[in-house]
Amino acid sequence: MSDVRVRFSPAPTGFMHLGNARTAVFNWLYARHTGGTFVLRIEDTDVTRSTSEAEEQIQNVVRWLGLDVDEGPFLQSSRFDRHRAAAAELVAAGNAYECFCTKEELDERARAMQASGLPPGYDGACRDLDPATRELRRSEGRPVTLRFRTPTEGRSSFVDAVRGEVSVAWSTVADFVLIRPDGSPVFYLANAVDDLDMRITHVIRGEDLIDSTHRVLAIRRALDPNRQPVYAHCPLILGPGGAKLSKRHGAVSVEEYRDAGYLPQAMVNYLAFLGWGIADGNEIMSGAELASRFDIVDVNHAGAAFDIQKLEWMNGEHIRMLPLDDLVVAVRPFVAKTFGESLNAELLRAAVELAQSRATTLVHIAEQCAFLFATDDVFTINEASWEKLVATDKIEDLLAAVITHCETCAWTIADLDLRRLLDPLELKPRKALPAIYTAIEGSHTGLPLFESIFLVGRERTVARLKAARDRLAQR
RNA sequence: GGCCCCGUCGUCUAGUGGCCUAGGACGCCGCCCUCUCAAGGCGGAAGCGGCGGUUCGAACCCGCUCGGGGCUACCA
């Protein structure tokens, strides 16, 4: 095992969206690539916005994706004492100070500064208070926050593993809050302290955090000047057209994709290729294959648009690669959702086998199999398909011939090859058979007909054909 | 507004000065296969944001410009 230690550290303040998932995937891939350790840390420093549901969802999604966690989950909220101690250390060393400004005062002054064309950051009002004034403020019962004292000159710079040197003038970075009046730490502090304590060597995260890195690094250096991790900021995932990914573009939470019938291995495969690519030859890979090839220095610079069509294709490819028994297990809950838990296992397996080569999602497979599990009272025919049936040439003769055949023939797939009935009627399979698909499967598109009829069984087949015949006669 | 980051087919990408009349994949179009729909096979259209440099030579280097994104919180 190498000494590489990475962590996925989401905030439990909402659902796990695709960007979070991709960050998790990159971290996991890098850990597995290097033989390092993958740590899960929940950054719940914002007590008012963090929820246990979100926390649970994060763990569910990580598990579902198959990203095995080596250490954790660790909750930052259980380490607040450690964060406060670190903050006290910073105050003692003069790197941080007490600020007595109220939220209202801050807001008001920020507005005024903005109005006069100045940047709206903290104005440093409490930065250099003398001890007497500090004592006075405290005695007034004002809230106390701890702020980090940011350098006034020079530049902050670090070498990012994907972007190279990133640098910013310290004069543009205002003093920022470390500890809130209620004693809870803010992200910068908790993040710096925990990465230090957990001996994180590589910080792989979204580009939205690139500017905060200067602040985190400043805290780290004040606490321990000897250790600095490698930072790798990955491009953000965009919606269609390069705009910000949002609900308007459809599902953005990973669980929605799971529920829509996407395979976790397809999700990992697709996400891995968003912002990174070997893109030479085969793109369908297992997590292990991806891990063997992944490296953070190969991550792209530009944001990547999420393309559901490619995910869908990739999902189909993974469905085709999956051993049949595994696919049956994956499909089962989707079928059980409408037809209950007591499913005929053999029937399900046979149906999934027929669907495996033609489906793109698990939901798609469940839909294609539905006609097999539908009892006659719930079996319904798709309206567009019914119209096609009605318009079929010699439909009455065709139905009559198929009914007779199905009532009397041997019940084997070979004997159920209905094409033999078509010649006498001077019909072509391509034109005539979709009507039979409709009568049996409820749609003119679906699982191969003769195998399907075989699985439906003689009794239900004849019943459905007669039902179609009768409905036709009524019009 | 300020600061930072980014810019190759519609989309994901390969490409780090000559191998590029820019390669692959999804999607799209056409053909083949075919009991429907798919899957599969074959073929096709489609791109270096723009302008200036540097160089014998630029998708690759530099400048400007335009465009996109992020940050600018007692969110992370």
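What's counted below: heavy atoms across the whole structure, side chains too, no hydrogens, waters or symmetry copies. Here is the naming used below: chain letters follow the sequence lines, and residue numbers restart at 1 for every chain.
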Across all strands, who's sitting opposite [N] as a Watson-Crick or G-U wobble pair, both distances under 3.5 Å?
N: C35(B); answer: none
N: A58(B); answer: none
N: C64(B); answer: G50(B)
N: C42(B); answer: G30(B)
N: C3(B); answer: G70(B)

Next on the checklist: Just checking Phe8(A) against Trp28(A), ring centres under 6.0 Å apart?
Outcome noted: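 So the answer is no for these two rings.
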
Next on the checklist: Between Tyr262(A) and His318(A), is the ring centroid distance below 6.0 Å?
Outcome noted: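 No: the rings miss the under 6.0 Å criterion.
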
Checklist outcome for this item: Between Trp313(A) and Val177(A), the residue closer to the 5' end of RNA chain B by nearest nucleotide is Trp313(A)

Checklist entry - Given that Asp307(A) and Glu207(A) both sit by RNA chain B, which one's nearest nucleotide is further toward the 5' end? => result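 This one resolves to Glu207(A).
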
Can you check the distance between [N] and [M], where both ends of the measurement are the [atom1] atom (answer in whole Å)?
N: G40(B); M: A76(B); atom1: P; result: 46 Å
N: C29(B); M: A45(B); atom1: P; result: 16 Å
N: G7(B); M: G49(B); atom1: P; result: 9 Å
N: C48(B); M: U8(B); atom1: P; result: 11 Å
N: C75(B); M: C66(B); atom1: P; result: 36 Å
N: G30(B); M: A46(B); atom1: C1'; result: 15 Å
N: G50(B); M: A58(B); atom1: P; result: 15 Å
N: U11(B); M: G68(B); atom1: P; result: 14 Å

At under 4.0 Å between heavy atoms, what does [X] touch on the DNA or RNA strands: base, sugar-phosphate, or nothing?
X: Leu209(A); value: base
X: Phe176(A); value: nothing
X: Glu105(A); value: nothing
X: Arg49(A); value: base
X: Thr13(A); value: nothing
X: Gly275(A); value: sugar-phosphate
X: Cys234(A); value: nothing
X: Thr48(A); value: nothing

Could you check which of [options] has an atom nearest any side-chain atom of [X]?
X: Thr445(A); options: C4(B), A39(B), C37(B); result: C37(B)
X: Val166(A); options: C5(B), C35(B), U13(B); result: C5(B)
X: Ser212(A); options: A76(B), C75(B), U11(B); result: A76(B)
X: Asp211(A); options: C71(B), C37(B), C5(B); result: C71(B)
X: Arg215(A); options: A39(B), U36(B), U72(B); result: U72(B)
X: Leu236(A); options: C74(B), G69(B), C5(B); result: G69(B)
X: Phe450(A); options: C35(B), A76(B), G40(B); result: C35(B)
X: Lys310(A); options: G24(B), U36(B), C35(B); result: G24(B)
X: Ala305(A); options: C12(B), G7(B), C37(B); result: C12(B)

Below 4.0 angstrom from OP1 or OP2 of [N], is there any side-chain N or O of [X]?
X: Arg420(A); N: C35(B); result: no
X: Arg147(A); N: C74(B); result: yes
X: Thr45(A); N: C75(B); result: no
X: Asn300(A); N: A14(B); result: yes

Could [X] and [Y] be called an ion pair, given the rule that one side-chain N must be under 4.0 Å from one carboxylate O?
X: Glu98(A); Y: Arg138(A); value: yes
X: Asp195(A); Y: Arg41(A); value: yes
X: Arg7(A); Y: Asp194(A); value: no

Can you measure [X] atom [atom1] to [N] atom [atom2] for me and round it to whole angstrom units?
X: His301(A); N: A59(B); atom1: NE2; atom2: P; answer: 20 Å
X: Asn191(A); N: A76(B); atom1: CG; atom2: C1'; answer: 9 Å
X: Asn315(A); N: A38(B); atom1: CG; atom2: P; answer: 18 Å
X: Gln309(A); N: A38(B); atom1: CD; atom2: P; answer: 14 Å
X: Glu43(A); N: A76(B); atom1: CD; atom2: C1'; answer: 7 Å
X: Ile381(A); N: U36(B); atom1: CD1; atom2: P; answer: 19 Å
X: Ile453(A); N: C35(B); atom1: CD1; atom2: P; answer: 14 Å
X: Glu312(A); N: A25(B); atom1: CD; atom2: C1'; answer: 16 Å

Next on the checklist: Tell me whether the side-chain N or O atoms of Tyr437(A) pair up with the base of C37(B) as donor and acceptor below 3.5 Å, since no angle test is needed here.
Outcome noted: no

Checklist entry - Would you say the base of C35(B) and the side-chain of Arg430(A) have a donor-acceptor pair closer than 3.5 Å? => result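 A donor-acceptor contact between them is absent.
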
Checklist entry - Should the ring pair Phe148(A) and Phe176(A) be called parallel, tilted or perpendicular, given that the plane angle runs from 0 to 90° and is split at 30 and 60? => result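 Parallel.
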
Checklist entry - Hey, what's the ring geometry for Trp411(A) with Phe454(A), parallel, tilted or perpendicular (30° and 60° as the breaks)? => result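 Correct class here is parallel.
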
Checklist entry - Looking at Phe379(A), is Arg464(A) sitting on its ring face, NZ or CZ under 6.0 Å from the six-membered ring centre and within 45 degrees of the normal? => result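 Yes.
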
Checklist entry - Under the criteria of a ring-centre distance below 5.5 Å and an interplanar angle below 30°, is Phe273(A) stacked with the base of C12(B)? => result no

Checklist entry - Between Asn20(A) and His17(A), do the side chains contain an N or O donor and an N or O acceptor separated by less than 3.5 Å? => result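 Yes.
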
